[in-house]
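Structure first, commentary second.
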There are 2 protein chains.
Amino acid sequence: MDINPESSKARQTSRVSGRRATLKEVAAEVGVSRATVSNAYNRPDQLSEELRVRVFEAARRLGYAGPDPTARGLRKQRTGAIGALYTDRLSYAFADPAAVMFFEGVSVATEEAGLGLLLIPGGSLGQRDPEILMSAAVDGFVIFCMAEDDPLVEATLRRQMPAVLVDQPPIEGVPSIGIDDEAAARLAAEHLTSLGHRSFGVVSFDLDKDSKSGFADIDKQHAATYLPSRARLRGYESALEAAGISWADVPVYECAENVPGMAAEAAEALLALAPRPTAIIATSDQLAFGFMEAVKKAGLSIPEDISVVGFDDVPEAARANPPLTTIHQPHVEKGLRAGRMLIAQLREEEPPETQVLLPTRLVVRGSAARTDH
Amino acid sequence: MDINPESSKARQTSRVSGRRATLKEVAAEVGVSRATVSNAYNRPDQLSEELRVRVFEAARRLGYAGPDPTARGLRKQRTGAIGALYTDRLSYAFADPAAVMFFEGVSVATEEAGLGLLLIPGGSLGQRDPEILMSAAVDGFVIFCMAEDDPLVEATLRRQMPAVLVDQPPIEGVPSIGIDDEAAARLAAEHLTSLGHRSFGVVSFDLDKDSKSGFADIDKQHAATYLPSRARLRGYESALEAAGISWADVPVYECAENVPGMAAEAAEALLALAPRPTAIIATSDQLAFGFMEAVKKAGLSIPEDISVVGFDDVPEAARANPPLTTIHQPHVEKGLRAGRMLIAQLREEEPPETQVLLPTRLVVRGSAARTDH
DNA sequence: CTGAAAGCGCTTACAG
DNA sequence: CTGAAAGCGCTTACAG
């Protein structure tokens with residue numbers, strides 16, 4: 001394939017000269033006003049077809065690709081894109097299947113509306129620079145999975161644009177969507193107690209923005225600034241306490257990143273305990289996968305030697321070996337609804353809902369079984 | 001959590017009034033010129049610390065969150081974001097693990113550079129509207145996995161911005177990056193012939209923008225407008241022909257979408273053939289997974305009854321049951337390098353490379369075995 | 001250390 | 001059907 005020589009030439013020229021033609025130049029070339037050229041692109045009914053064609057021909061000749069989006073955006077006070085703010089490294093959004101599904105949903109919503117989706121890194125651990133946030137040209141924000149004390153959340157809100165909060169504590173005046181993390185987590189733990197387990201271990205993803213891997217005591221758990229972490233641990237706690245198990249005795253291993261590899265460390269620490277837990281609850285499937293992997297490497301069997309329950313029900317959970325018992329939540333729908341809630345605000349319709357809680361459920365598969373201990 | 005009442009109030013006000021404060025208003029409030037307010041944000045060394053603080057206080061009072069990104073972008077002729085153009089539905093980018101890894105790599109590059117990443121749907125099948133593309137406020141484009149005859153590619157290039165082509169035929173003046181799809185595919189097929197297989201079936205993802213699922217004859221294969229499809233099929237062809245197997249006799253089943261579910265259909269069609277193929281080559285791991293699933297449901301064993309080789313080596317390939325023999329390609333690195341090649345152009349450095357081919361290799365795992373037929 | 005002026009590229013009433 | 005004028009919100013030499 002090759003594009004026509006004309007535009008290829010023009011591209012090279014521009015690369016050297018560093019500037020593109022403007023609407024003004026096209027107008028001069030055709031011998032009309034800028035308004036007319038603008039109309040040729042934006043309001044075809046405002047000029048004769050013949051003139052419109054002449055405009056486009058001149059544009060092509062000059063290598064003019066149409067009105068500059070930034071200038072148009074300034075004039076129209078619309079950028080045509082929404083921003084998604086996500087915790088820490090942006091690449092992380094792509095590494096976590098649950099986040100990927102969430103963004104899949106958001107992107108369906110933006111596509112419906114003909115909007116672009118601007119991904120904004122919440123700042124790497126090192127350089128948490130709000131600059132990129134403040135300079136993001138968007139019409140609104142989806143704020144996803146940020147620590148609740150993260151100054152970037154406030155910074156985003158300060159831009160006074162429509163926004164939607166996802167999996168975060170509500171903030172007055174900002175619609176939010178999520179799940180009842182605590183209730184869902186309770187389901188996971190209750191499933192295990194109902195199978196007779198009394199000896200537990202928990203593998204959790206990070207509790208705070210800058211935390212390190214290791215055991216986390218109750219104070220640390222309760223002070224967690226990621227809502228899902230805090231709420232899920234509380235759910236486990238309440239279910240186990242209700243079954244007469246002392247939460248203070250349940251080891252909670254925090255993994256600094258929500259990737260399977262990190263759970264290997266957790267497994268090492270947890271399997272070395274005496275007595276060894278018969279049941280492990282993980283705050284994500286990703287961690288459950290990594291844990292299962294490590295258990296198998298250690299020569300133990302799931303669920304015979306140790307039961308595992310995850311959280312998220314990502315697609316791989318069903319295909320895992322053994323298939324993972326986990327909590328299902330509708331990730332794609334969460335993204336879709338979040339996107340639509342934001343878009344409804346952009347259109348200055350009333351937001352369809354203001355505080356949405358999506359349903360969750362326990363999915364029983366093969367990774368947890370009755371204990372004989 | 002709650003933000004301070006002041007800005008919370010301001011946000012609500014703005015939601016009603018529909019307008020935010022401007023730099024001009026801040027200047028008036030402080031009693032200085034706009035230049036000074038601008039300097040407070042952009043060139044702290046240009047004014048006294050005391051004045052700068054007064055500016056920020058006034059800004060906060062007025063609910064001014066800093067210079068408007070669009071206006072700044074227009075003035076500076078920089079948007080601070082790059083665009084990623086991807087085939088068809090944007091949500092598809094998130095559904096395909098290989099694409100996800102690619103974008104993960106791109107996002108690492110954009111983060112390094114402090115840029116945003118704007119995801120641009122290549123247009124749904126229905127409304128392939130270049131409008132969204134032409135109105136994307138970005139400084140350059142990564143063009144990923146578009147059909148080579150897709151008018152959006154030309155439209156993008158016509159914007160005369162820095163661009164990088166990924167997994168697509170080269171276009172003069174535009175750096176590109178990819179793999180040698182044909183050679184890599186040959187490796188996959190040769191592995192199978194070396195195991196004694198003589199009876200093949202192929203499961204391919206789509207050959208053209210608007211294709212439907214079904215068997216694809218040679219003419220259709222050679223006319224494929226997705227480079228990876230065309231090149232991989234050619235690779236299989238050349239390896240099999242070299243082994244004395246007539247390619248014309250090899251059934252190629254095209255799946256309209258690169259999702260596991262679609263491969264079930266392919267399996268149904270291919271398994272019904274007499275004689276039944278002993279070896280299946282899939283152009284992606286996603287399709288291989290779906291195929292394996294269907295084979296197992298049909299009561300057959302892999303690799304005993306039928307061998308399967310995939311393409312991509314996504315992480316799940318190693319965890320599949322049996323582990324999938326496949327072709328490895330460095331997805332994340334591809335994205336990272338593509339991103340950096342684009343960013344190098346933005347900085348008006350020479351692009352580091354202009355035609356990059358990344359290495360691939362066969363990864364032998366458990367899904368293909370010697371045939372006894 | 002501060003301000004007046006020019007201009008980034010466009011769209012939108014409005015008048016003709 | 002077409003054009004002159006105003007203005008979207010900012011930054012950058014430049015002069016003081």
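Here is the naming used below: chain letters follow the sequence lines, and residue numbers restart at 1 for every chain.
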>> Ser176(B): which residues meet the side chain to side chain contact (heavy atoms under 4.5 Å, CB included) condition with it, sequence neighbours left out?
In response: Leu165(B), Pro170(B), Gln355(B)
> What is the distance, rounded to the nearest whole Å, between atom CG of Leu47(A) and atom C1' of dT11(C)?
Replying inline: 15 Å
>> Strictly by ring-ring contact (aromatic ring centres under 6.0 Å, His included), give each pair with a member in residues 141-170 of chain A just once, sequence neighbours left out.
In response: Tyr86(A)-Phe144(A), Phe102(A)-Phe144(A), Phe103(A)-Phe144(A)
>> What is the separation between atom CG on Asn39(A) and atom P on dT11(C), rounded to the nearest whole Å?
In response: 9 Å
> Residues in side chain to side chain donor-acceptor pair (under 3.5 Å) with Asp167(A), at least two apart?
Replying inline: Lys334(A)
>> Of the options dG3(D), dG3(C), dT12(C), whose atoms approach the side-chain atoms of Ser38(A) most closely?
In response: dT12(C)
> Tell me: CG of Leu23(B) to P of dC8(D), nearest whole Å?
Replying inline: 13 Å
> Under 4.0 Å: is that the gap between some side-chain N or O of Thr36(A) and OP1 or OP2 of dG3(D)?
Replying inline: yes
>> Return the OG1 to CG distance between Thr36(B) and Leu23(B), rounded to the nearest 0.5 Å.
In response: 9.5 Å
>> List the residues meeting side chain to side chain donor-acceptor pair (under 3.5 Å) with Thr79(A), not counting sequence neighbours, and say none if there are none.
In response: Asp139(A)
> Which parts of residues 66-80 of chain B get close to DNA chain C, meaning a heavy atom less than 4.0 angstrom away?
Replying inline: Leu74(B), Arg75(B), Gln77(B)
> What integer distance in Å separates Glu49(A):CD from dC1(D):P?
Replying inline: 11 Å
> Could you give the CG-to-P distance, from Asn42(B) to dC8(C), as a whole number of Å?
Replying inline: 19 Å
> Between Arg43(A) and dT12(C), does any side-chain N or O lie under 4.0 Å from OP1 or OP2?
Replying inline: yes
Detail all sub-3.5 Å separations between protein N/O atoms and N/O atoms belonging to nucleotides 14-16 of chain D.
none

> dC1(D) P sits how many Å from Asp45(A) CG, rounded?
Replying inline: 9 Å
>> For DNA chain C, please output the secondary structure as dot-bracket, reading 5' to 3'. Pairs are Watson-Crick or G-U wobble, both atom distances under 3.5 Å; mark crossing pairs with [ ], other-strand partners with |, unpaired with a dot.
In response: |||.||||||||.|||
> What residues, two or more places apart in sequence or in another chain, satisfy side chain to side chain contact (heavy atoms under 4.5 Å, CB included) together with Ala58(A)?
Replying inline: Val26(A), Glu29(A), Val30(A), Arg61(A)
> Sequence neighbours excluded, which residues qualify as ring-ring contact (aromatic ring centres under 6.0 Å, His included) partners of Phe56(B)?
Replying inline: Tyr41(B)
> In chain order, what residues pass the side chain to side chain donor-acceptor pair (under 3.5 Å) check against Arg72(A), with sequence neighbours excluded?
Replying inline: Asn42(A), Glu131(B)
>> With rounding to the nearest 0.5 angstrom, report the CD to CG distance, Glu148(A) to Asp150(A).
In response: 10.5 Å
>> What's the separation between atom OG1 in Thr70(A) and atom NZ in Lys76(B), rounded to the nearest 0.5 Å?
In response: 13.0 Å
>> Base, sugar-phosphate or nothing for Tyr64(A)? Non-hydrogen atoms, less than 4.0 Å.
In response: sugar-phosphate
Name the atoms and distances for all side-chain donor-acceptor pairs under 3.5 Å in residues 45-52 of chain B, with sequence neighbours left out.
| residue | atom | partner | partner atom | Å |
| --- | --- | --- | --- | --- |
| Ser48(B) | OG | Leu51(B) | N | 3.1 |
| Arg52(B) | NE | Ala40(B) | O | 2.7 |
| Arg52(B) | NH2 | Ala40(B) | O | 3.3 |

> At under 4.0 Å between heavy atoms, what does Arg52(A) touch on the DNA or RNA strands: base, sugar-phosphate, or nothing?
Replying inline: nothing
